[in-house]
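Scroll down for the structure; my scribbles are underneath it.
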2 protein chains.
Amino acid sequence: MTDTGLPVGGSPLQQRLAAAAVELFYRQGAIATSVRQITEACGLTPGALYNHFESKDELLYTVVRDIHLRLESVLTAAVGAVAGDPVAELSAIVRVYVARHSDHRETARVANREFPLLTGAHYDEVVAIRRRLRDTVVDVLLAGQKKQVFDLVGGDDRTAAVLTALPILDMCVHISEWFHEHRPLSHAELEARYVGLALRMAGARTH
Amino acid sequence: MTDTGLPVGGSPLQQRLAAAAVELFYRQGAIATSVRQITEACGLTPGALYNHFESKDELLYTVVRDIHLRLESVLTAAVGAVAGDPVAELSAIVRVYVARHSDHRETARVANREFPLLTGAHYDEVVAIRRRLRDTVVDVLLAGQKKQVFDLVGGDDRTAAVLTALPILDMCVHISEWFHEHRPLSHAELEARYVGLALRMAGARTH
DNA sequence: CGCGTGAATGAACGCTTATTTACCCATGAT
DNA sequence: ATCATGGGTAAATAAGCGTTCATTCACGCG
């Protein structure tokens, strides 16, 4: 199963347009990318886009939402596979995030940088997904704290868990900002190191 | 000494224009902000901007560069004040970063989000500052590793130090993305928790 | 064969953009 | 008193934007 991290729904041409849009959004941002550029990348003229998407905004929404949903689906699968063991759950979360933000950093970066451009219900929907993603980590940390396998900085309340979850996610998400293929580091090794960092941040008991 | 984190050089009107630009760039991004909006915020018409800046691009460059230089100056002062003690140096770095990215998060966010828009020599100059900022952290980690007060994840080479410095900076920098005043947390407490996290990540010996 | 349909086209729309230009007016110096 | 100048304005410019429109083209079905 090859997983490019790109949106998968819709007709073949919708997929090609979405892929071209992601590529361009990644390189120059969504605002600076014109409908002309997107369609030209598919060998079409501007008007053709409107046979497949309602507007440029709806294309952006589709792309950003699908990337988020895809991450969520991969994440819940990975966490579910080791349910009940907070250390394993946190490790799985970090591995998924690192993989997606180094391997598919174009899509990841587009989703994270451009989602604030969405408006109204579209924005709310994506923000809700992001909150669910964050809460997944918070819940794992709280469960680990309760089982005394974690020792969070700043106490054992929810605030402490949030203020540990956010930095963990921040450091993983922003791999996509600096990761370049020429770095002499395999993805597996990067995952291992970040898992180590996250476990330290959570105060995981070393045994 | 009130420090807004805003650019300070230039004539009074240049400062007002720069401050208005930062405010607008923060809320809607530099590309989506028009010269009209910037000058209107100062009670002027668009053409007036060109009496004080060569172009919109040069205004962006000035703003972004000055914010970076200001952070660098504050940072080197804070590190220099505790030179020789890696734990204190790392703590000072994190405190400066947390303070600037929660207290002055408008300027911080503008600098971090918009700097890729710069081109040519302007871009190179800002990237050079950012590299110096990063290397400051790397050097502190390496010094601490050598003195055996740190125990880095992944060994004691420079790669291990870089791969610890980047996550530490990432988590600090991106406070500006989620920090809102209504969070029930004082800046001092946020600093303390982030210092705790960073020391854990560096494997600081607890004594 | 002829028709319906989905999809692409090229041209135009109305609007906004950054920037330039010509002009005007106050201030301060000679 | 005169003049230069810095800094403002309104207006013009050229380009680009997202989007719409009438038209055409190619294809599958009765």
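Chain letters run A, B, ... following the sequence lines, proteins first, then strands; residues in each count from 1. Please read these numbers as outputs of a predicted model, since none were measured by experiment.
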How many Å lie between OH on A/Tyr50 and P on D/dA22, as a whole number? 17 Å
So what does B/Leu44 hit on the nucleic acid, given a heavy-atom distance under 4.0 Å: a base, only sugar-phosphate, or nothing? sugar-phosphate
Go through C/dT19, D/dT9, D/dC17 for me and flag the one nearest to the A/Arg36 side chain. D/dC17
Polar side-chain contact B/Asn51-D/dG8 base: donor and acceptor under 3.5 Å: yes
Please tell me if B/Ser34 has a side-chain N or O lying less than 4.0 Å from either OP1 or OP2 of C/dT17. yes
A/Leu59 CG to D/dG18 C1', in whole Å, measures 13 Å
Write down the distance between CD (A/Gln14) and C1' (C/dG6), rounded to a whole number of angstrom. 13 Å
Just call it for B/Thr33: base, sugar-phosphate, or nothing, with non-hydrogen atoms closer than 4.0 Å on any strand. sugar-phosphate
Is it true that the side chains of B/Arg113 and B/Tyr26 contain a donor and an acceptor less than 3.5 Å apart? no
Rounded to whole Å, CG of B/Leu49 lies from P of D/dG7 at a distance of 13 Å
Just by modelled atom types, is the A/Ala165 backbone N or O under 3.5 Å from a matching donor or acceptor in the A/Arg134 side chain? no
A/Thr45, nearest nucleotide to its side chain (from D/dT19, C/dT19, C/dG10): C/dG10
Here the pair of heavy atoms bringing A/Leu197 nearest to B/Leu163 is CD1-O, 3.7 Å
Quick one: on DNA chain D, does A/Glu54 or A/Gln37 contact a more 5' nucleotide (nearest heavy atom)? A/Gln37
What is the distance, to the nearest angstrom, from the CD1 atom on B/Ile38 to the P atom on D/dG8? 15 Å
Closest to side chain of A/Ser55, choosing from C/dA18, C/dA8, D/dT19: D/dT19
Between C1' on C/dA8 and CD on A/Glu40, what's the gap in Å once rounded to a whole number? 15 Å
Without decimals, in angstroms, what is the distance between B/Lys56 NZ and C/dA18 C1'? 8 Å
For the residue pair A/His68 and A/Phe115, categorise the inter-ring angle as parallel (less than 30°), tilted (30 to 60°) or perpendicular (more than 60°). perpendicular
Taking CG from B/Leu117 and P from C/dA18, how many angstroms apart are they, rounded to a whole number? 13 Å
Can a salt bridge be assigned to the pair A/Arg130 and A/Asp135 using a cut-off of 4.0 Å between side-chain N and carboxylate O? no
For DNA chain C, whose closest nucleotide is more 5', that of B/Asp57 or that of A/His52? A/His52
